[in-house]
Amino acid sequence: MGDTGAMERCACPAAVLLLSLVLMGATAFEVEIKDDKNATCIYAKLSVNITVQYETDTSSSKNITFPVPSDVTTNGSSCGSDGKAPLLVINFGNSQSWSLNFTRNNSTYSGSALIFTYNTNDTILFPDALRKGLISSTAMFLGPVPLNSTYKCISREVVVSENVTQIIYDVKLEAFMANGTLGKEIICDADKPSPVPSPTQPSTTASTAIPAPTSKPLDKPTMGNYTVSDASGICLLASMGLQINTSLLSEGKNIWRPFNIDPLGIKTNGTCTNQTGTLILTENRTIIEFTFALKNKNHFYLEEVNITLINGSAFSSRQNQNLSTWEASVDSSYMCHKEQQIKVSEDLFINAFDVRVQPFGVNNGTFATAEDCFADQNFIVPIVVGAALGVLVVLVMVAYFIGRRKQSSAGYEQM
């Protein structure tokens, strides 16, 4: 593609090019896939922002964010035939591709697999990647849609897969098109107006907008219970209430804005390996990723936290990769009832309440014996006992010296 070649020939620093990509934001791509009779079988118009987490050659991890551009090709796409399902393939950049398989039954069609393939040989996007080559990450996208209907969704949808987070929005899409024409539009649930609650019944619908700054303290966040599973079953357990505190610049002043994470709107994802455990919590406006690691093979700890804040089609990420907290033995769980604050960046903190986590050695889907955090340990009894012992020692010493003094006086009298 000509634009990509021009970028590769540019003498500008890679950082400038990356910044330009992010600032441009995602622009919608629009494509039509046609059959051998030149009739359209798949129509797609949508915007996609992508964040990839990759390991660097210094054994750290980085996040890179970029949009799918409007200038794409559809090589590899197919209307499907002879038992093969229709396939939409979007090619862009340096060997990056975004593809969606479709399936159908007698009344509906849906997406069966969304595969994003990225190329870590691309030195502009991944200049210090440890693993080189094409890497694919698979997720699910597009639920059942009635046949001969066009799926339309302006609202964003967050799609999370291994090391990849996609924000998909402004979607207009139809597969299995009849006579090459678009059918009746079916609006996604997120675009439908929310019911107005009665005066005596507050709304339970979570807001998708970032809350306005407030000076009032928030209530304690609701506890959420989260699990991550692999082929062997549940491999990571977590229970906690979460609150995000981020800073906004308003009229020359930094205003801290807290908001609670509602576990009812959370989608849980993650991975488990012999060396790390990752918990990813996703809602409409926030993505929180906790990464746990091993220390000396017999202890685990929280090593990294990544937070992505989403506001419409715009989003920003913060991360701290040098943590050393929430530590416990591998055969135990970590527990802390006291509120804990984790600094993710200078302008973003996460407060955790009633934390209990176990990223390794989970058996039968239940927590192992808990190791309490330092803040929960009760030091009052040891202090009281220590003070009492100290007073007792003083009394003994005083009695001893009084006794010695009396003995000395008696000796002088005898002389």
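- Gln358 places a side-chain N or O within 3.5 Å of a backbone atom of Ala368 that can act as its donor or acceptor partner.
- In this structure, a donor-acceptor pair under 3.5 Å is present between the side chains of Ser333 and Arg356.
- The local environment of CG in Asn274 is sparse, with at most 12 non-hydrogen atoms from other residues, nucleotides or ligands closer than 6.0 Å.
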Please report the C-alpha distance between Thr65 and Thr51 in whole Å, then the side-chain angles of each, then the deciding distance to 0.1 Å, and finally whether the side-chain hydrogen bond (donor to acceptor under 3.5 Å, both in side chains) criterion is met. CA-CA 4 Å; Thr65 298; Thr51 297; 2.9 Å; yes
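- In terms of modelled atom types and a separation under 3.5 Å, the side chain of Asn245 and the main chain of Trp256 share no donor-acceptor contact.
- Counting only distance, with no hydrogens or angles, the side chain of Ser329 and the backbone of Asp331 share no donor-acceptor pair below 3.5 Å.
- Using a 3.5 Å distance cut-off with no hydrogens or angles, the side chains of Ser239 and Asn225 do pair a donor with an acceptor.
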Indicate every side-chain donor-acceptor pair of residues 132-143 with a distance under 3.5 Å to a residue at least two apart or in another chain.
| from | atom 1 | to | atom 2 | distance (Å) |
| --- | --- | --- | --- | --- |
| Lys132 | NZ | Ala129 | O | 3.4 |
| Ser136 | OG | Thr117 | OG1 | 2.7 |
| Ser137 | OG | Ser161 | OG | 2.7 |
| Ser137 | OG | Glu162 | N | 3.2 |
| Ser137 | OG | Glu162 | O | 2.8 |

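- For Lys220 and Phe353, the positive end is not near the middle of the six-membered ring at less than 6.0 Å and at most 45° from its axis.
- The nearest pair of heavy atoms linking Gly241 to Pro221 is C-CG, 3.7 Å.
- Looking at heavy atoms from C-beta onward, Tyr118 lies out of side-chain contact with Ile50 at the 4.5 angstrom threshold.
- Within a 6.0 Å sphere centred on CG of Asn298, heavy atoms belonging to other residues, nucleotides or ligands number more than 12.
- Scanning both residues, Ala28 and Ser70, for their nearest heavy atoms gives O-CB, 3.4 Å.
- Ring-plane geometry between Phe176 and Tyr109 is classed as tilted, the angle between the planes lying from 30 to 60 degrees on a 0 to 90 degree scale.
- In this structure, the side chain of Asn269 does not engage the main chain of Ile280 through any donor-acceptor pair within 3.5 Å.
- Here the rule is side-chain contact (heavy atoms from CB on, under 4.5 Å) with Thr165, and of Thr282, Val160, Asn49 only Val160 fits it.
- Taking the charged nitrogens against the carboxylate oxygens, Lys152 and Asp191 have no contact shorter than 4.0 Å, which rules out a salt bridge.
- Of the possible donor and acceptor atoms, none in the side chain of Asn306 sits under 3.5 Å from a partner among the backbone N and O of Gln319.
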Could you go through Val48 and Phe116, starting from their C-alpha distance and side-chain angles, then the distance that decides it, and tell me whether this counts as side chain to side chain contact (heavy atoms under 4.5 Å, CB included)? CA-CA 11 Å; Val48 184; Phe116 174 63; over 6 Å; no
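- Under a 3.5 Å cut-off, the side chain of Gln96 and the backbone N or O of Asn119 do form a donor-acceptor pair.
- Between the side chain of Glu371 and the backbone N or O of Ser332 there is no donor-acceptor pair closer than 3.5 Å.
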Residue pair Tyr301, Leu323: steps toward the side chain to side chain contact (heavy atoms under 4.5 Å, CB included) verdict: CA-CA 8 Å; Tyr301 67 101; Leu323 296 171; 5.9 Å; no
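- Thr325 approaches Gln340 most closely through the heavy-atom pair OG1-OE1, 4.5 Å.
- With Asn364 contributing its side chain and Thr366 its backbone, the two residues share no donor-acceptor pair below 3.5 Å.
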Walk me through it: do Phe29 and Phe92 pass the test side chain to side chain contact (heavy atoms under 4.5 Å, CB included)? CA-CA 11 Å; Phe29 61 84; Phe92 62 96; over 6 Å; no
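- Side chains of Ser95 and Asp122 form no contact here, defined as non-hydrogen atoms less than 4.5 Å apart.
- Counting only heavy atoms from C-beta outward, the side chains of Leu237 and Thr227 approach each other to under 4.5 Å.
- Between the side chains of Thr58 and Thr56, a donor-acceptor pair is found at a separation under 3.5 Å.
- When all heavy atoms of Leu279 and Tyr226 are compared, the pair lying nearest together is CD1-CB, 4.1 Å.
- Other residues, nucleotides and ligands contribute at most 12 non-hydrogen atoms within 6.0 Å of the CD atom of Glu346.
- A donor-acceptor pair under 3.5 Å is absent between the side-chain atoms of Ser77 and the main chain of Ile90, judged by distance alone.
- Using a cutoff of 4.0 Å between basic side-chain nitrogens and carboxylate oxygens, Glu303 and Lys295 are not scored as salt-bridged.
- For the pair Asn179 (side chain) and Thr181 (backbone), a donor-acceptor distance under 3.5 Å is absent.
- The aromatic rings of Phe292 and Phe300 lie perpendicular to each other, with more than 60° between the two planes, well past the 30° mark.
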